[in-house]
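Reminder, nothing fancy here: chain letters follow the sequence lines and each chain counts from 1. What you are looking at is a predicted structure, and each value in this text was computed from that prediction instead of being measured.
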Number of protein chains: 2
Amino acid sequence: MQRTGQPTINDVARIAGVSKKTVSRVINRSPLLGDDTRRRVEEVIGDLGYIPNPQARALALRRNFLIGLVHDNPNAQTVMNVQQGMLEALHDTEFEMVVRPVDRGSATMLDDLRRFLERQRLYGVLLMPPVSENDMVAKLCRAIGCRYVRMGSAALDDSPHMVASNDREAVRGATEYLLAQGHKRIGLIGGPHGFRSARERRAGFEEALSQAGVSLPRSLIADGNYTFESGLVAAERLLDLVPRPTAVFSCNDEMAAGVMHAAQMRGLSVPRDLSIIGFDDTPIAAHIWPPLTTVRWPIASMARSAALKLIANGEEDDEVEEPSLFLSTLIRRGSVASPAID
Amino acid sequence: MQRTGQPTINDVARIAGVSKKTVSRVINRSPLLGDDTRRRVEEVIGDLGYIPNPQARALALRRNFLIGLVHDNPNAQTVMNVQQGMLEALHDTEFEMVVRPVDRGSATMLDDLRRFLERQRLYGVLLMPPVSENDMVAKLCRAIGCRYVRMGSAALDDSPHMVASNDREAVRGATEYLLAQGHKRIGLIGGPHGFRSARERRAGFEEALSQAGVSLPRSLIADGNYTFESGLVAAERLLDLVPRPTAVFSCNDEMAAGVMHAAQMRGLSVPRDLSIIGFDDTPIAAHIWPPLTTVRWPIASMARSAALKLIANGEEDDEVEEPSLFLSTLIRRGSVASPAID
DNA sequence: TTGTACGCGTTATCAT
DNA sequence: ATGATAACGCGTACAA
């Protein structure tokens with residue numbers, strides 16, 4: 001034992017009567033090793049409670065056992081779901097999660113990120129939307145040799161570097177559900193420009209309407225930025241329209257909650273006077289009144305899968321490869337009904 | 001330059017014509033250093049864009065430049081607020097944040113935590129409630145020489161290791177506000193057993209009532225566990241009471257949202273038929289309808305202060321010491337009114 | 001199959 | 001005030 005209190009590889013080697021390198025081989029599961037030697041070393045490791053020092057490994061390997069979560073996502077619940085999924089994948093491994101928010105918008109974002117990655121020598125990074133949609137970021141990771149996996153609402157990269165959801169189809173389905181209920185005047189509250197998810201969801205909405213031959217006047221489309229407040233403002237404009245839309249599809253739950261808030265403020269009853277569908281299925285969807293019908297976005301599972309991709313051995317032994325596409329599904333709750341007769 | 005592409009301390013030393021140690025002294029702001037030498041080295045550092053390698057420093061110092069966030073908090077928004085506050089404090093420093101959820105309940109929690117801290121050699125940890133209330137955890141940190149700061153709803157430790165809020169007084173004030181509106185039958189939805197915050201908030205509630213000479217029958221106290229669902233269930237029991245309480249204080253916002261949900265489900269109007277006050281001021285408070293009157297808990301500021309305490313130089317130069325007590329204040333919104341005449 | 005010698009990039013000790 | 005030399009704990013050529 002050294003003065004730090006913790007046993008080192010030298011202690012193990014000395015006590016087991018072998019060289020450091022042999023211990024190192026045991027740790028790293030080198031195939032060329034005598035069975036008896038391996039057993040003897042493993043026994044000493046167990047007795048001593050020896051754990052390889054991550055700092056020394058990081059220095060020697062020129063690579064840290066840290067997985068970065070890079071995000072600029074405004075939604076707290078979404079970020080937490082991603083963290084939970086990541087940590088699930090990292091549990092009982094030697095990896096830890098370090099969180100790095102970035103400022104999309106900032107001109108120095110790429111430089112900041114580069115410095116971060118080069119300094120910390122991360123094992124890999126998980127890129128959350130919307131920063132994951134920036135090809136320059138992926139390019140940067142490749143350039144400096146940092147593994148990465150992108151999460152997003154469409155396949156933006158090849159399978160080892162991507163975990164995607166099918167937002168477009170999911171929204172098309174949700175919109176078809178609204179149409180099936182008899183709605184014809186359906187408003188859309190879109191996500192912020194530059195978000196791929198916003199584009200995909202809007203596209204799914206428009207596809208469903210056009211396929212059903214339902215017209216979509218420009219006035220029924222309102223801009224939002226995924227915040228509650230933007231949903232509120234957008235809804236106020238939509239609800240002033242004459243005739244009023246009978247339903248609204250909101251590109252996420254936060255904004256949908258804003259729509260509901262706006263409706264209640266003016267004494268409208270949901271779903272009798274207005275049907276609403278959201279997207280994400282964050283807790284707020286089930287907690288507001290009436291409970292929100294929404295599209296469930298399996299973001300935690302996606303994050304878990306992304307983290308597993310990151311730390312997966314390139315040797316893909318008996319391991320099953322992690323999926324790259326996750327399906328979103330409609331959760332029917334209490335915010336949709338047939339429109340009142342005109 | 002080495003093959004890794006990044007300049008090392010050796011490059012700086014060679015080019016500046018000094019020894020490694022001198023460069024090290026410049027980096028670590030050693031006071032005993034010639035001004036001209038320092039300037040020369042700093043110039044070379046600037047030219048090369050040299051950045052000290054954190055892995056090597058961690059090995060040599062036997063201490064990582066990582067701050068851990070240890071938590072077992074069920075509320076996503078609260079955790080995110082803490083992370084945001086921490087990251088604010090860590091921004092533009094050499095520190096990174098690694099997140100470590102733990103399982104209170106688990107018998108091996110302390111051992112797991114010990115292994116984590118010893119392995120990663122964290123610079124320090126920020127302990128979030130409720131795990132921060134566990135004295136064994138603080139004891140563990142002291143034992144293995146890991147700096148720590150605890151966050152909580154009461155002063156559980158000395159100032160350098162604690163950032164607290166005044167939950168008890170804040171709730172007393174909120175309850176007095178309810179009393180001032182004319183409420184006499186006020187229900188309480190408590191937090192989970194073992195949460196110090198739950199104890200403090202309940203104590204504040206009871207103090208206000210007893211000070212005003214208002215009775216608090218046992219039936220008006222319902223148990224909750226800080227989740228929406230528990231608030232819903234608790235409210236259902238409270239609202240079945242005859243006579244019905246005219247107001248409810250809920251020990252957090254999530255449960256208050258559950259109360260509101262329950263009220264709406266049975267056609268009760270808030271605040272006409274029922275006044276509600278929550279605690280935390282998470283976004284959900286402003287987003288539900290009607291907007292929730294609640295006590296604002298400055299958790300992000302607390303976390304920021306805690307992180308600054310953690311990385312503060314023991315030398316407390318000209319730096320102002322970080323505060324250890326943060327005040328919660330009542331935010332009046334739309335969920336409180338005078339009770340209808342009986 | 002196993003061991004020796006050295007490198008990773010920094011800080012610490014003890015000289016001068 | 002500055003420098004030579006040895007840690008820190010582990011991985012890797014290369015040799016045996």
Return the value, rounded to whole Å, for the distance between atom CZ of B:R63 and atom C1' of D:dG9. 18 Å
Whole angstrom value for the distance that separates P of C:dT11 from CZ of B:R29: 13 Å
Round to the nearest Å and state the distance from A:N64 atom CG to C:dG9 atom P. 14 Å
To the nearest Å, give me how far apart CZ (A:F65) and P (D:dG9) are. 17 Å
What are the two closest heavy atoms between B:V70 and B:V102, and how far apart are they? CG1-CG1, 3.8 Å
Expected string for nucleotides 11-16 of chain D under the B/S/- scheme (protein heavy atoms, under 4.0 Å, primed atoms plus P, OP1, OP2 as sugar-phosphate) is BB----
Rounded to whole angstroms, how far apart are CZ on A:R38 and C1' on C:dT1? 11 Å
Contact class for B:L33 vs. all strands (heavy atom < 4.0 Å): base, sugar-phosphate, or nothing? sugar-phosphate
Is the backbone of B:V131 close enough, under 3.5 Å, to the side chain of B:D72 for a donor and an acceptor to pair up by distance? yes
For D:dG3, does either OP1 or OP2 sit under 4.0 Å from a side-chain N or O belonging to B:S19? yes
Is the backbone N or O of A:G152 less than 3.5 Å from a side-chain atom of A:S132, with the two atoms forming a donor-acceptor pair by type? no
By side chain to side chain contact (heavy atoms under 4.5 Å, CB included) - contacts of B:L327 (at least two apart): B:N166, B:L325
Could you tell me how far apart A:E118 (CD) and C:dG9 (P) are, to the nearest whole angstrom? 14 Å
For a 4.5 angstrom cut-off between non-hydrogen side-chain atoms, does B:F326 reach B:S305? yes
Passing candidate, salt bridge (charged side-chain N to carboxylate O under 4.0 Å, His left out) with A:D157, options A:K309, A:R196, A:R150: A:R150
How many Å lie between CG on B:L59 and P on C:dT11, as a whole number? 11 Å
On the 0 to 90° scale, with breaks at 30° and 60°, tag the A:Y148-A:H161 ring pair as parallel, tilted or perpendicular. parallel
I want to check one thing: is the phosphate of C:dT1, taken as OP1 and OP2, less than 4.0 Å away from some side-chain N or O of A:T22? no
Using side chain to side chain donor-acceptor pair (under 3.5 Å), reason through A:R57 and A:N28 one step at a time and then give a plain yes or no. CA-CA 11 Å; A:R57 303 226 307 161; A:N28 297 309; 3.3 Å; yes
Value for OH (A:Y50) from CD1 (A:I27), rounded to nearest 0.5 Å, stands at 3.5 Å
Roughly how many Å is it from CZ in A:R62 to C1' in C:dG9, rounded to a whole number? 10 Å
Just how large is the angle between the end axes of the helix from C:dT1-D:dA16 to C:dT16-D:dA1, five pairs per end, to 10 degrees? 30°
